[in-house]
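Quick note: residue numbers are just sequence positions, from 1.
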Amino acid sequence: MTVDVRRAVLDRLGTGGASRFGRPYLVATLHREVGCSETEVWEAFWGLVGEGLVYLDTAGQGSGTDNWQWHLSTDGRRVAEGGSWEPRDPDGYMDRVRRDIPDLDELVELYLTEALQSFNGRCYLATSVMLGVAAERAFLVMAASYAASTVSGAPAMAKELARPRSNYFALWTEFRKRIEPIRQDLPDGLADSLTLDAIADLIRLTRNEVGHPTGRQIDEDTARVHLTIAPTYMRKMRALTVHFAQRPAEVNE
């Protein structure tokens with residue numbers, strides 16, 4: 001219910017309708033329309049204030065709070081408009097991820113959720129680290145599917161995965177080397193090596209640099225870009241996982 005109330009508040013303010021602060025106005029209206037308690041509406045409003053998506057305009061009324069107005073901030077307007085991967089709307093972001101990837105890996109979802117929470121807590125270094133872990137997990141799931149398939153190069157991938165100290169970069173390098181000769185055999189949209197490498201390298205480099213005490217800083221815009229492009233990477237990893245899973249190697253009894 002909290003998510004529904006939050007979205008209802010954003011939608012109502014986004015339409016530019018009446019937004020007076022007093023309880024008989026917008027709070028009571030949302031209480032009736034959403035079917036929640038007034039307390040839940042108040043909690044949603046103040047939660048959005050804490051996120052920097054909503055603010056109160058006193059409209060020159062001083063202490064006369066009845067005519068104060070709720071308004072969307074710049075970030076709030078972006079979230080209310082929707083249509084893009086907006087990390088300031090973590091619920092909407094994750095809902096869209098789940099629609100695009102219905103069987104999203106639980107650990108990928110966990111780390112991606114942590115990345116969004118870090119972003120909204122303005123902890124951008126933590127955002128990059130968690131996003132890098134989510135990307136690595138998505139890749140490892142795909143690599144395991146590839147290694148267990150009959151696709152050319154699978155045995156070499158399985159051998160690399162079995163190494164006790166294999167790291168993300170070594171595994172990615174092995175994957176790219178083995179997959180290059182058969183790129184033309186992959187489904188349309190999955191053979192774009194430029195996109196795959198660009199996204200994977202961006203996330204890998206950022207995570208590696210900020211995951212160690214180098215003093216590297218990540219600003220909000222950089223973290224936002226990473227969160228915006230990450231779903232493309234996740235979709236491709238999942239599509240490749242499914243593709244390889246449809247070509248399982250025979251298991252010797």
Problem set entry | Glu106 atom CD: more than 12 heavy-atom contacts under 6.0 Å | no

Please check this pair: side chain of [X] against backbone of [Y], looking for a donor-acceptor N/O pair closer than 3.5 Å.
| X | Y | value |
| --- | --- | --- |
| Ser73 | Gly52 | yes |
| His71 | Tyr55 | no |
| Asn120 | Pro87 | yes |
| Arg247 | His243 | yes |
| Ser145 | Ala245 | yes |
| Thr127 | Phe119 | yes |
| Glu40 | Ser37 | yes |
| Thr222 | Ile218 | no |

Please give me the minimum heavy-atom distance between [X] and [Y], naming the atom from each residue.
| X | Y | result |
| --- | --- | --- |
| Met157 | Ala143 | CG-O, 4.0 Å |
| Leu26 | Phe45 | CD2-CZ, 3.4 Å |
| Leu30 | Cys36 | O-SG, 4.4 Å |
| Leu227 | Leu131 | N-CD2, 3.8 Å |

For this session: Could you grab the distance from atom CG of Asp57 to atom CD of Gln69, nearest 0.5 Å is fine?
Result: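 One finds 7.0 Å between CG of Asp57 and CD of Gln69.
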
For this session: Can you measure from CD (Glu109) to CG (Leu112) and round to the nearest 0.5 angstrom?
Result: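 Rounded to the nearest 0.5 Å, the CD-CG separation comes out at 8.0 Å.
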
Considering only NZ, NE, NH1 and NH2 on the basic side and carboxylate oxygens on the acidic side, decide whether [X] and [Y] come within less than 4.0 Å.
| X | Y | value |
| --- | --- | --- |
| Lys159 | Glu174 | no |
| Asp105 | Arg238 | no |
| Arg178 | Glu160 | no |

Exercise. Residues in salt bridge (Lys or Arg N to Asp or Glu O under 4.0 Å) with Glu220, at least two apart?
Worked result: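 Arg88, Arg224.
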
For this session: Before giving the answer on side-chain contact (heavy atoms from CB on, under 4.5 Å), spell out for Val97 and Met234 the whole-Å C-alpha distance, their side-chain angles and the decisive distance to 0.1 Å.
Result: CA-CA 9 Å; Val97 169; Met234 303 298 180; 5.9 Å; no

For this session: Dump the intermediate steps for side-chain contact (heavy atoms from CB on, under 4.5 Å) on Leu53 and Leu72, then the final yes or no.
Result: CA-CA 6 Å; Leu53 303 182; Leu72 294 173; 5.6 Å; no

Exercise. Same cluster or not: are Val141 and Leu240 linked, directly or through other Ile, Leu, Val, Met, Phe, Trp or Tyr residues, by side-chain heavy atoms under 4.5 angstrom apart?
Worked result: no

Exercise. side-chain contact (heavy atoms from CB on, under 4.5 Å) between Arg12 and Thr29: does it pass, once the steps are laid out?
Worked result: CA-CA 10 Å; Arg12 174 55 66 96; Thr29 298; 3.5 Å; yes

Exercise. Trp42 and Phe21: aromatic ring centres closer than 6.0 Å?
Worked result: yes

